[in-house]
Amino acid sequence: MNYDAVIKFALEEGFYYPSCEIYSDAQAGFWDYGPRGVSLKNKFVELWRRELVRRDEMIEIDGSQIMSKSVFIASGHIENFNDPIVKCIKCSSIYRADRYIMDHLNILVPERMNDKEIDQLIIKHNIRCDKCKGELGNVSRFNMMFRIGIGPNAEEAYLRPETCQTIFVDFIRIYKIMRKRLPLAIAQIGKSFRNEIAPRQSLLRLREFYQAEIEVFCNPNHLNDIEKFEKVKDTVLRIYANGKMHILKAEETINTLVPNKLIAYYLALLTQFYERCGIDINRTRFRKLEDDEKAFYATTAFDFEVETSVGWLELVACNYRSDYDLSRHEKVSRESMSVMDGNEKIIPHVFELSMGIDRSLYTILEHSLIEDKEHERRVLKIRSYLAPVHVGILPLVNKDGLDVYALKIFEDIKKDFDAIYDFSGSIGRRYRRLDEIGAPFAVTIDNKTLEDNTITVRERDSMKQERIAADKLKDYLLTRIRFE
RNA sequence: GCGGGAUUGAUCUAGUGGUUAUGAUACUGGCUUCCCAAGCCAGCUGCGCGGGUUCGAAUCCCGCAUCCCGCACCA
């Protein structure tokens, strides 16, 4: 399915839709998850906990979304997370100042150049607006962080632009109390906020969005002492670097494409996780970033990208952040961030997996939504453990006590599964409705049920049915829906 | 943020100044129906927001917002 079809599907079925849509002053870049979307998201998060957090014995925290100014002085966001912009006095066109000058003068403008120097360059070379030849105003700064005021005096603070800052500022306490050793991974799911200039494409570019971030704290001198790497050494990594694809077992990438075992290990875990999300892994790649593409804190970076109808989409940023964050926080807060690793006293380095949840959910939908022309149906062929609804309970006809029997079954399982009871419309119509929201199973109660207490279970993808004892339904669903 | 296009029920859509705004799908209730979008009856939802022109605006004009395309932006 393509992007437009997924958007329409999401609106119709209640996966997600624009926030505040009944008001005309609703702002772009904010979307709500509806009933089906929340159910999908919750299951995605549970899979993430299962396949990453618990599997790798990570620690999960949940931090505040509002953080103090000092955090972002230390993190570099106050200084770096903004762009110098100039505005045309005449026609109000806005340009990114440093790039505009580079394009016009063919010179390199260093990132650290201050606003006055940029102003002088503009005046000296009489740079004018491309569109109307009007004069340009003074440089101003647009910071992508949402600044907010705390309390009656509106003390300066910010909505976090990435969840990981919580992990960095909490690190030393967690390390001291949790009795863990390096490498130690701390994970968090939560909202982040970025004041994008022009958000577009629904869940793909939001001003308020969910991240699942994993920060692996490690000793830079032991990046190849990773015993658990053995468990994933045969996992195939798809790496795009130097202009071509490399499809190799994890162990074959070490020292060539991937600098060490620790990074390769987590790239492998990530690959396995997304495979279990039902994303077509043959349409994914880890793209090794060139120096000019990397974030200001990264030394090695891979983007995990997936092919969609709108092109390659970045789902996860994997950055080796070295000791940038902890050292900066140590300097600004004057709290020591050193820990003992064996006999070494070090400031840990950090390897980060920064997942975009909203984009991941979008991709799962796009890769799972199928137009089944043969059976005239739209089917969400999503993994059963991610399905927003697990099972529909349907009386074949709405009389003869079948409805009563069906309701009893529904009451019996509704606390253990996401189940819906549906008696309205023909049986075929009800199957179609369940197919559309990806319910992997439909249970039908018919006359035979009244005689021998058996029911039929219909499978979404094959449309095949089998008859089982009604009192075995719970076991049946448990084995078929559980995480594999 | 700039330029262009668009905005009519949940979804798609007809409607270029004049009765009560069109149709389809979907949805709801009922009848029928023992297994895959059948049929019949009944029903619920709508002109993005604000201002102007006009006797009269979904329709013309202006502003704002959102969506789409391109540019720019994307730590």
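Order of the sequence lines fixes the chain letters, A, B, ..., with proteins taken first and strands second; residue numbering starts at 1 for each chain. Every value quoted in this text rests on a predicted model; they were computed, and no experiment measured them.
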At under 4.0 Å between heavy atoms, what does [X] touch on the DNA or RNA strands: base, sugar-phosphate, or nothing?
X      : result
A/D400 : base
A/N398 : base
A/Y3   : sugar-phosphate
A/E314 : nothing
A/K448 : nothing

On RNA chain B, check which nucleotide each of A/Q27 and A/G425 is closest to and give me the residue with the more 5' one. A/G425
Nearest heavy atom decides the nucleotide; on that basis, is A/D25 or A/R432 closer to the 5' end of RNA chain B? A/R432
Test A/K373 against A/E376 for salt bridge (charged side-chain N to carboxylate O under 4.0 Å, His left out), laying out the working first. CA-CA 5 Å; A/K373 293 212 170 69; A/E376 291 180 40; over 6 Å; no
Is the distance between the ring centroids of A/H349 and A/Y320 less than 6.0 Å? yes
Measure from the ring center of A/F273 to the ring center of A/F44 and say whether it is less than 6.0 Å. yes
Which of these nucleotides, [options], is closest to any side-chain atom of [X]?
X      : options                : answer
A/F423 : B/rA37, B/rC35, B/rG30 : B/rG30
A/W31  : B/rU28, B/rC67, B/rC36 : B/rC67
A/S424 : B/rA65, B/rG29, B/rU33 : B/rG29

Using atom [atom1] of each nucleotide, how far apart are [N] and [M] to the nearest Å?
N      : M      : atom1 : answer
B/rU59 : B/rC49 : P     : 11 Å
B/rA42 : B/rU53 : P     : 45 Å
B/rA57 : B/rA21 : C1'   : 13 Å
B/rG63 : B/rA10 : C1'   : 30 Å
B/rA6  : B/rC47 : C1'   : 15 Å
B/rA14 : B/rG50 : C1'   : 27 Å

Does [N] have OP1 or OP2 under 4.0 Å away from a side-chain N or O of [X]?
X      : N      : answer
A/S24  : B/rU66 : no
A/S426 : B/rA38 : yes
A/K8   : B/rC12 : no
A/R429 : B/rA26 : yes

Take atom [atom1] of [X] and atom [atom2] of [N], then tell me their distance rounded to the nearest Å.
X      : N      : atom1 : atom2 : result
A/I437 : B/rA26 : CD1   : P     : 16 Å
A/D4   : B/rA6  : CG    : C1'   : 13 Å
A/Y23  : B/rU7  : OH    : C1'   : 20 Å
A/D403 : B/rC31 : CG    : P     : 11 Å
A/K399 : B/rU33 : NZ    : C1'   : 7 Å
A/N2   : B/rC69 : CG    : P     : 11 Å
A/L394 : B/rA37 : CG    : P     : 14 Å
A/D422 : B/rG29 : CG    : P     : 9 Å

Please list residues of residues 456-474 of chain A whose heavy atoms come under 4.0 Å from any atom in RNA chain B, ordered by number; otherwise none. A/T456, A/R458, A/M463, A/Q465
Contacting residues from residues 197-207 of chain A, given that a heavy atom lies under 4.0 angstrom of RNA chain B: A/I197, A/A198, A/R200, A/Q201, A/R205
Should the ring pair A/Y33 and A/Y210 be called parallel, tilted or perpendicular, given that the plane angle runs from 0 to 90° and is split at 30 and 60? tilted
Does the pair A/R207/A/E196 count as a salt bridge with the N-to-O cut at 4.0 Å? no
Pairing partner of B/rC35, by Watson-Crick or G-U wobble and under 3.5 Å for both distances, is none
Just checking, any donor-acceptor pair under 3.5 angstrom between side chains of [X] and [Y]?
X      : Y      : answer
A/R430 : A/S424 : no
A/D400 : A/Y405 : no
A/T363 : A/Y274 : no

Evaluate the ring pair (Phe, Tyr, Trp, His ring centres under 6.0 Å) criterion for residues A/F286 and A/Y240: first the C-alpha distance (whole Å), next the side-chain angles of each, then the deciding distance (0.1 Å), finally the verdict. CA-CA 6 Å; A/F286 286 101; A/Y240 183 85; over 10 Å; no
Other residues, nucleotides, ligands: >12 heavy atoms within 6.0 Å of A/K472 NZ: no
How long is the straight-line distance from OH of A/Y158 back to CZ of A/R147, given to the nearest 0.5 Å? 4.5 Å
